[in-house]
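Structure first, commentary second.
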Amino acid sequence: MVRFLVPISVHTKNRNTNTNFVSKKHQCLTLLNLCSSLRHLLQVHAQIQVSGLQEDAYLVRELVHFCSLSPWKNLGYAQSLLDRSVSSTPVSWNIVIRGYAASDTPRKAMWVFLRMRREGLSPNKLTYPFLLKACASCLALEEGKQIHVDVIKHGLDDDVYVNNNLVHFYGSCKKILDARKVFDGMFVRSLVSWNAIMTAFVENSWLVDAIGYFVKIRDTEFEPDETTMVIMLSLCAEMGNLSLGRWIHSRMVEGGMTLNCQLGTALVDMYAKSGAVDYARRVFDIMDEKNVWTWSAMILGLAQHGFANEGLELFSRMMRNSPIRPNYVTFLGVLCACSHAGLVDDGFRYFHEMEHKHGIKPVMIHYGAMVDILGRAGRLKEAYNFIVNLPIKPDPVVWRTLLSACSIHDIKDTDGVADKVRKRLLEQEPRRSGNLVMAANMYADAGMWEKAAKLRRVIRDGGLKKTGGESYLEFGGSIHRFFSGFSSQDDHELIYHLLDALNLHMKIVNS
């Protein structure tokens, strides 16, 4: 049994019972502050019960706090403390809800809330933010909407903290219009409010709207903080807008922001995804502190932009000289590098080490990377066998990856792999027009005109339309979008004249 050395006052015989209880309570609180494991807590709890203090609301709250939020938490035990207590307060219930909201079982936070209401306790402005975080974590849209109604009933719809979490909840559930409605209806906002709505826009690919709200911050009393800049750098990475990313970087420097791990990683990711790998590497090299996401962003950036060997060398350097261990994104970058460098055997070795050496269980995106490695190398039969032997059901993306490889390496389908892959893909997505178009084109390339015509009739008669191709061009700090078969550009005729001239020039050079 663990013994705690706690200073205990000497009491005279004429002290009354109340003073004795106060002394015992102080003693138990001291013991609670010294707890360093759940075992210690159980001993302190036993001491509280022996002392007759089990109904003291403050002690119950401290016990619940330890069980819910400490490194040695046990949420089941915290819940049992509330179930047995007749003097618990909303504060104690909020603590348990908060604990579940941050756990692997966030939905249980809602069960605790329902039990709290059955006990006749009224929620307060600290209850709902934790509940909404739980709903956001498990994408519980209907439950979150009911909580929103409850917020209004209790007159808390003007609380900035509650509204910030409502914006976050609706954004996480991809209800971006509802998120914007909550934000626009807020009478009082904080910088967290602005960051929440911009995060919602970025995560739902409403990128232009996110930029618009970032501009609006300049009309407020708030100055963009580190979180704002990370959000905007993520937006620039998604758009591939290098000019805007550089401007955000310059704002960070002008504002005297320290290049910490979070900002540095966001910059590396932005520059790498925008194609400026040299700038990404410069930022990476000057960073004093790096985490696994920093290394992963740099490795993946090198792999995707023609520097596969450099990416693999950086991975080796991380393993040799850094205490940081790789995660699933790191290995995605490594496998991508192997694919672009044609290193099939190395790809299989890293794939094996990922699970058996580092304990990282492969997910579909890793299996897809392996199929890409084999497909690019023209090893179509191996890729097909790899897919059919997966421990999980392959998704359509994996089949499309292999079908694309078949269209490059075996147009005539001499091995029969392409036909098998087509059937598998069309079984999973029979009405996806892109799949039908790809299959029809492959039949046409192989001279199978009747089969190609049949698939095109299916597309036409079924009213299916292939999503038009889309490309982006950054020029003069602006992003120009081009769609296949349509252009909203006022000067598109001049663009096509220029393309014709370039085409003619290339023909003359090659003649």
- Under 3.5 Å, is there a donor-acceptor pair between the side chain of T220 and the main chain of I217? yes

- CG-CG distance between L263 and L233, expressed to the nearest 0.5 angstrom: 7.0 Å

- Going from OG1 on T330 to CH2 on W293, what distance comes out if it is rounded to the nearest 0.5 angstrom? 7.5 Å

- Query: Hey, does V149 have a side-chain heavy atom less than 4.5 Å from the side chain of Q146?
  - Reply: no

- If you look at every heavy atom in G368 and V398, which pair is closest and at what distance? CA-CG2, 4.1 Å

- Item | Results of side chain to side chain donor-acceptor pair (under 3.5 Å) for R107 - residues two or more places apart only | E143

- Query: Quick one: does S274's side chain have a donor or acceptor within less than 3.5 Å of a partner on A276's backbone?
  - Reply: no

- Query: Between N163 and D157, does any side-chain donor sit less than 3.5 Å from a side-chain acceptor?
  - Reply: no

- Query: SG of C406 to CH2 of W399: how many Å apart, nearest 0.5 Å?
  - Reply: 10.0 Å

- Side-chain heavy-atom pair E226, M252 within 4.5 angstrom cut-off: no

- Note on the structure: dist M198:CE -> T227:OG1 (nearest 0.5 Å) comes out at 9.5 Å

- Query: So, does H409 use its side chain to make a donor-acceptor pair with the main chain of A405 at under 3.5 Å?
  - Reply: no

- Taking T127 for the side chain and N124 for the main chain, is one N or O donor matched with an acceptor at less than 3.5 Å? yes

- Item | Any side-chain donor near an acceptor of the partner, N260 and E289, under 3.5 Å | no

- Measure from NZ or CZ of K290 to the centre of the six-membered ring of F284, then state whether that distance is under 6.0 Å and the direction lies within 45° of the axis. yes

- Query: With a 4.5 Å limit on heavy-atom distance, are the side chains of I373 and L343 in contact?
  - Reply: no

- Can you name the nearest heavy-atom pair linking A337 to A308, along with the distance? O-CB, 3.3 Å

- Tightest non-hydrogen contact, residues F169 and A140, listed as CE1-O, 3.6 Å

- Pairwise distance NZ(K73) to CD1(I95) - rounded to 0.5 angstrom: 13.0 Å

- Message: How close do A210 and V202 get, counting heavy atoms only, and between which atoms?
- Response: CB-CG2, 3.9 Å

- Note on the structure: I408 meets the side chain to side chain contact (heavy atoms under 4.5 Å, CB included) criterion, sequence neighbours left out, with none

- Flag the pair I392 / Y367 as yes when at least one side-chain heavy-atom distance between them is below 4.5 Å, and no otherwise. yes

- Query: Where the side chain of S407 meets the backbone of S404, is there a donor-acceptor pair that is under 3.5 Å apart?
  - Reply: yes

- Would you say S234 and D269 make side-chain contact, with heavy atoms under 4.5 Å? no

- How would you list, by chain and number, every residue that makes a side chain to side chain donor-acceptor pair (under 3.5 Å) with W93, sequence neighbours excluded? S88

- Message: Are W194 and F214 an aromatic pair, judged by ring center distance below 6.0 Å?
- Response: no

- Separation of K133 NZ from H168 NE2 (nearest 0.5 Å): 8.0 Å

- Message: With a 6.0 Å cut-off (strictly less than), is the heavy-atom count around CD1 of I365, excluding the residue itself, greater than 12?
- Response: no

- Task: Could you tell me whether D288 atom CG has more than 12 heavy atoms of other residues or ligands within 6.0 Å of it?
- Result: no

- The ring-ring contact (aromatic ring centres under 6.0 Å, His included) partners of H505 (sequence neighbours excluded) come to none

- Message: Taking the side chain as everything from C-beta on, heavy atoms only, tell me whether L75 gets closer than 4.5 Å to K108.
- Response: no

- Between the side chain of E353 and the main-chain N/O of F348, is any donor-acceptor distance below 3.5 Å? no

- Return the set of residues passing ring-ring contact (aromatic ring centres under 6.0 Å, His included) with H340 (not counting sequence neighbours), or none when no residue passes. none

Review item, side-chain donor-acceptor pairs of residues 174-188, under 3.5 Å, at least two apart:
{"unit_1": "R180", "atom_1": "NH1", "unit_2": "D209", "atom_2": "OD2", "d": "3.2"}
{"unit_1": "D184", "atom_1": "OD1", "unit_2": "Y213", "atom_2": "OH", "d": "3.1"}

- Pair listing, side-chain hydrogen bond (donor to acceptor under 3.5 Å, both in side chains) test, anchored in residues 197-206, at least two apart: none

- Decide if atom CZ of R98 counts as having more than 12 heavy atoms of other residues, nucleotides or ligands within a radius under 6.0 Å. no

- Any donor-acceptor N or O pair under 3.5 Å, side chains Y128, D150: yes

- Could you walk me through whether C336 and L300 pass side-chain contact (heavy atoms from CB on, under 4.5 Å), step by step? CA-CA 7 Å; C336 180; L300 189 58; 4.3 Å; yes

- Query: Is it true that the side chains of S339 and D372 contain a donor and an acceptor less than 3.5 Å apart?
  - Reply: yes

- When the aromatic ring centroids of F315 and Y350 are compared, is their separation below 6.0 Å? yes

- With sequence neighbours left out, write down each residue that passes side chain to side chain donor-acceptor pair (under 3.5 Å) with T228, or none if nothing qualifies. N195, D225

- Would you indicate whether the side-chain heavy atoms of I299 and V329 approach each other to under 4.5 Å? no

- Which is it for N164 and V160 under the side-chain contact (heavy atoms from CB on, under 4.5 Å) test, yes or no, and what are the steps along the way? CA-CA 6 Å; N164 289 346; V160 64; 4.0 Å; yes

- Query: Does the pair R400 and Q428 meet the rule for a side-chain contact (heavy atoms from CB on, under 4.5 Å), with working shown?
  - Reply: CA-CA 11 Å; R400 263 196 300 277; Q428 290 193 18; over 6 Å; no

- Query: Is R218 atom CZ crowded by more than 12 heavy atoms from other residues, nucleotides or ligands, each under 6.0 Å away?
  - Reply: no

- Item | ring-ring contact (aromatic ring centres under 6.0 Å, His included) partners of residues 228-264, not counting sequence neighbours, each pair once | H249-Y271

- Task: Identify whether the distance between the nearest side-chain nitrogen and carboxylate oxygen of R281 and E310 falls below 4.0 Å.
- Result: no

- Task: List the steps and the verdict of side-chain contact (heavy atoms from CB on, under 4.5 Å) for R117 and F113.
- Result: CA-CA 6 Å; R117 299 300 301 272; F113 174 69; 3.7 Å; yes

- Task: Please list, chain by chain and in numerical order, all residues satisfying ring-ring contact (aromatic ring centres under 6.0 Å, His included) with H154, sequence neighbours excluded.
- Result: none

- Are any of the side-chain heavy atoms of I211 and M239 separated by less than 4.5 Å? yes

- Taking all heavy atoms of P90 and all of M116, pick out the closest pair and write down the distance. CB-CE, 3.9 Å

- What pairs with H366 under ring-ring contact (aromatic ring centres under 6.0 Å, His included), at least two apart in sequence or on another chain? none

- Just by modelled atom types, is the H65 backbone N or O under 3.5 Å from a matching donor or acceptor in the S68 side chain? no

- Note on the structure: Nearest heavy-atom approach of A78 to C67 is CB-CB, 3.5 Å

- Residues passing the side chain to side chain donor-acceptor pair (under 3.5 Å) test with T294, sequence neighbours excluded, are T265, N291

